[in-house]
Amino acid sequence: MTSLKGSQSIGDESHPFMFDRDAETMPRGNLAALQLRRLRKSLTYVYQKVAHIRRKFEAADVTPETLGSLADIAHFPFTEKTDLRDTYPFGLFAVPREQVLRLHASSGTTGKPTVVGYTRADLDLWSDLMARTLACAGARPGDIVHNAYGYGLFTGGLGAHYGAERLGCTVVPVSGGGTERQVMLMRDFGAAILCATPSYALNIAEVAAGMGVDIAALPLRYGAFGAEPWSEPMRCDLEARLGITAVDIYGLSEILGPGVAAECHVAQDGLHGWEDHFLFEVIDPETLRPLPMGEAGELVITTLTKEALPMVRYRTRDITRLSDEPCTCGRTHVRIKRVTGRNDDMLIIRGVNVYPSQVEAALIGFPGLAPHYQIVLARDGPLDAMTVEVERTGDAPGDAAACAKQAGDVQRHLKSMIGVTCAVAVKAPGEVPRSQGKAVRVKDERDGAARRGE
Ligand SMILES: [Zn+2]
């Protein structure tokens with residue numbers, strides 16, 4: 001099977017290479033017509049095959065025939081993570097288990113994991129959409145792709161792996177960890193694309209510098225970074241350290257895994273969501289009503305072509321907004337603006353809503369600080385108290401007076417940027433834990449504190 005769809009040149013900035021140009025540049029009117037056709041078919045399929053969802057349709061007094069236009073999706077019930085938990089492990093599958101060729105699962109912090117499954121057609125679709133995603137992020141057939149996403153039950157590793165192969169790249173399936181060896185392989189093989197979480201990419205850059213390897217001088221051109229929220233200042237920092245264009249990619253296992261949306265390396269301004277296979281909505285998380293194009297709210301996704309685990313109006317908890325403005329790259333698919341955080345991640349500190357990514361954006365580039373941080377939550381009487389642990393750079397003075405002054409400077413800066421007063425602890429170089437995959441940004445010590453107080 002050939003990896004490229006149609007014939008096209010390798011592309012340049014004004015006419016960038018695409019994996020599936022016809023689909024990616026489809027006029028928006030045609031795209032909407034295709035979505036409506038596929039949505040009707042998928043709703044009928046789910047209604048017939050998944051008893052749990054059929055009962056939810058009945059409770060909401062809808063049938064697939066309720067759908068006359070795309071906007072009518074608003075009448076249909078949401079699917080939430082609890083629906084997956086309530087039907088653990090295979091209750092939302094629309095095909096007999098024997099037709100499921102692969103299972104993945106998310107590691108739930110409490111209780112059972114969330115299980116997802118793929119038919120042969122689903123795996124094929126996933127590879128196609130991930131090939132699109134990597135090409136959108138700057139990869140070309142023939143490139144060496146260094147894949148540092150974790151392999152295993154997590155969808156990141158295998159998702160990127162098969163997408164890169166489908167695109168016609170040479171994949172290095174290194175997974176996470178063993179960072180010094182990763183740097184050696186990137187240098188010796190001549191990696192062109194780095195696939196990793198942004199926090200682990202930062203770890204790689206730092207370890208490389210410690211080994212005396214100048215990654216910016218290597219052939220590495222692009223980073224396809226995702227699986228955790230990250231900030232614009234972090235992007236600039238990674239681009240400078242690694243000498244690359246850093247691109248945000250997005251996905252979640254309940255919908256597909258990585259490959260749901262990707263920034264183009266041309267504009268780096270919002271992630272093209274692949275609308276021929278997904279319907280994107282943004283809703284008000286309080287009223288649950290759909291919001292007009294451009295307004296910020298919670299992203300909700302309906303799959304249009306999935307077989308094993310079709311999803312109707314899945315609530316992602318990710319806060320963002322959509323844009324249908326034309327993009328300079330020529331792709332017509334809607335852009336999902338950078339996800340600022342998840343509902344679930346939002347901290348309420350003395351009545352102020354704070355996302356960890358806002359703390360990150362305020363800290364990166366602050367004089368004398370390394371780009372590593374951790375937020376520690378504790379109980380302060382009836383209130384939640386936040387301590388931000390930051391790390392001084394190797395050349396910043398480490399005596400108590402200098403650290404106290406720096407803590408005060410950072411505290412005032414955070415107050416002015418995010419509007420919250422928090423304690424700041426300045427740590428020595430290397431003391432803030434490094435990411436080996438998904439970074440642990442928030443350490444919650446509130447339960448322990450409460451127990452000790454009893
Ligand atoms: Zn674009």
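Atoms within each ligand, like the ligands themselves, are counted from 1 in listed order. Computed from a predicted model, the values in this text were never measured in an experiment.
- For Tyr151 and His161, the distance between ring centers is under 6.0 angstrom.
- Checked against Arg331 for a salt bridge (Lys or Arg N to Asp or Glu O under 4.0 Å), the options Glu24, Glu263, Glu275, Glu325 give a single hit: Glu24.
- Within a radius of less than 2.8 Å around the Zn ion (ligand 1), the protein N, O or S atoms are Cys264 SG, His272 NE2, Cys327 SG, Cys329 SG.
- Cation-pi geometry between Arg313 and Phe76 is not met at under 6.0 angstrom from the ring centre and within 45 degrees of the axis.
- Ring pair Tyr118/Trp126 is parallel by interplanar angle, where below 30° counts as parallel and above 60° as perpendicular.
- Salt-bridge check for Asp124 with Arg120: failed, with every basic side-chain N at 4.0 Å or more from each acidic carboxylate O.
- Remark: Arg132 is not positioned above the aromatic ring of Phe19, lacking an NZ or CZ atom under 6.0 angstrom from the ring centre and at most 45 degrees off the axis.
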